[in-house]
Engineer: 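Sharing a structure below in structure tokens format, with a few things to ask.
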Amino acid sequence: MRLLDFLKGERKKSASVAKERLQIIVAHQRGQRGQPDYMPMLEQELLEVIRRYVQVDQDAISISLDSDNDCSVLELNVTLPNRD
Amino acid sequence: MINNLSGNRKFILAKIIVVTSGKGGVGKTTSAAAIATGLALRGNKTVVIDFDVGLRNLDLIMGCERRVVYDLVNVIQGEAGLNQALIRDKRTENLHILPASQTRDKDALTLEGVEKVLNDLAEDFDYIICDSPAGIERGAQLAMYFADEAVVVTNPEVSSVRDSDRILGLLSSKSRRAEQNRDPVKEHLLITRYNANRVDDGDMLNLEDIREILAIELIGLIPESEAVLRASNQGVPVVHDDKSDAGQAYLDTVARLMGEEVPLRFHAAQKRSLISRMFGGGGRR
């Protein structure tokens with residue numbers, strides 16, 4: 001089969017497409033694991049505030065909450081556009 | 001020595017295993033019935049509980065639907081004793097079924113009520129198998145909350161794998177073991193409806209890929225099999241059909257749950273024509 005596919009120059013097998021899609025979505029899901037429900041809202045509102053001052057893209061902001069034993073750290077990363 | 005052991009039953013902890021998946025229709029109830037029956041056939045005192053309140057089906061798969069009098073909700077609400085609600089399996093010694101209610105809804109279950117039922121059962125049984133409802137709502141969370149181990153039933157299909165990952169997230173955060181900072185729930189991957197020929201053709205996720213994406217250890221691989229529908233038609237758990245591939249695969253799974261090392265079967269493609277084998281379809285990668 002594989003030799004035939006190769007000769008016919010056939011498209012990528014559906015199972016490997018499935019695997020790639022799953023790897024991405026599962027990694028994304030795991031990033032959200034254990035985070036409070038308000039995180040997406042918080043991210044959206046922070047983005048709005050930043051946009052009042054600097055024009056940044058939707059994906060220029062990343063936010064995460066890390067918890068140690070006795071303290072939690074909210075980490076906010078904003079990539080600002082290059083100033084020419 | 002044996003007498004002494006049974007006399008001290010209270011000090012032997014029953015193992016609580018939840019059979020769960022997130023997605024519906026992947027084979028949870030079939031698997032719960034097969035695993036519970038297999039454990040009992042191996043001499044373990046086993047009870048299997050249907051947590052799907054409102055949509056009970058375990059009784060049908062176990063073939064005891066006409067013997068249901070009381071159910072889990074009756075016991076929790078004090079309307080019946082545990083012994084009145086437990087149904088003794090007619091084919092298999094050491095096996096009992098605790099059915100779900102068909103008329104109430106999921107809110108009829110309480111955390112305290114479920115805990116009491118499990119504690120009482122733990123005094124008499126070696127294994128308590130909890131057949132979870134689909135979804136990630138209250139019913140599914142109650143079924144998994146007290147578990148020591150989890151069998152995550154997954155089909156080689158994108159939505160099932162994704163939902164299994166969601167369930168793994170819940171097991172690691174919303175179970176009693178997680179909340180009490182004890183050893184985590186032991187997670188096992190059970191792949192069902194596996195079609196090795198389609199895997200071989202590149203049109204079905206292979207078991208290595210699924211295992212890698214979910215990052216948990218494989219406890220069993222159940223091939224797609226005509227025996228499963230035949231078993232549910234008759235209300236006889238598929239492990240009783242020990243000539244069938246699915247029956248044998250479930251018995252292997254049970255042996256692994258009991259800690260035995262059993263080589264994996266039914267993962268290789270079969271019945272390939274000579275020509276397709278010549279062109280590279282012979283072995284798995």
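Proteins get letters first, then strands, A, B, ... in listed order; numbering begins at 1 in each. The figures here come from the full heavy-atom set of this structure, side chains too, leaving out hydrogens, waters and symmetry mates.
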Engineer: CD/B:E212 to CD/A:Q23 distance, rounded to the nearest 0.5 angstrom?
Structural biologist: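 Between atom CD of B:E212 and atom CD of A:Q23 there are 5.5 Å.
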Engineer: Taking atom CD of B:Q180 as the centre, report whether more than 12 heavy atoms of other residues, nucleotides or ligands fall under 6.0 Å from it.
Structural biologist: yes
Engineer: Identify, with sequence neighbours excluded, every residue that meets side chain to side chain contact (heavy atoms under 4.5 Å, CB included) alongside A:I24.
Structural biologist: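 Per chain and number, A:I24 pairs via side chain to side chain contact (heavy atoms under 4.5 Å, CB included) with no residue.
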Engineer: Please give me the minimum heavy-atom distance between A:L22 and B:V158, naming the atom from each residue.
Structural biologist: CD2-O, 3.5 Å
Engineer: On a heavy-atom basis, which atom in A:K13 and which in B:G202 lie closest, and how many Å separate them?
Structural biologist: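 The pair with the smallest heavy-atom distance is CB-O, 3.3 Å.
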Engineer: Which atoms of B:L168 come close to chain A, meaning under 4.5 Å heavy atom to heavy atom: side chain ones, backbone ones, both, or neither?
Structural biologist: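 Interface part for B:L168: both.
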Engineer: State, to 0.1 Å, how close B:D203 and A:S14 come at their nearest heavy-atom pair, and which atoms those are.
Structural biologist: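 The answer is OD1-OG, 2.8 Å.
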Engineer: Specify the closest pair of heavy atoms between B:I213 and A:R30, including all atoms of both residues, with the distance to one decimal.
Structural biologist: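 Between these two residues, the closest heavy atoms are O-NH2, 3.1 Å.
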Engineer: Can you tell me if CZ on B:R166 sees more than 12 non-hydrogen neighbours from other groups inside 6.0 Å?
Structural biologist: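 For B:R166, atom CZ is not crowded (no more than 12 foreign heavy atoms under 6.0 Å).
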Engineer: Residues in salt bridge (Lys or Arg N to Asp or Glu O under 4.0 Å) with A:R21, at least two apart?
Structural biologist: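 Once residues adjacent in sequence are excluded, A:R21 has no partner under the salt bridge (Lys or Arg N to Asp or Glu O under 4.0 Å) criterion.
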Engineer: Looking at B:S172, B:G169, B:S173, which has the largest count of heavy-atom pairs under 4.5 Å with chain A?
Structural biologist: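 Looking at each of B:S172, B:G169, B:S173 in turn, B:G169 comes out on top.
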Engineer: Heavy-atom pairs under 4.5 Å with chain A: which of B:D165, B:I210, B:L205, B:L214 has the most?
Structural biologist: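 Greatest number of close heavy-atom pairs with chain A: B:D165.
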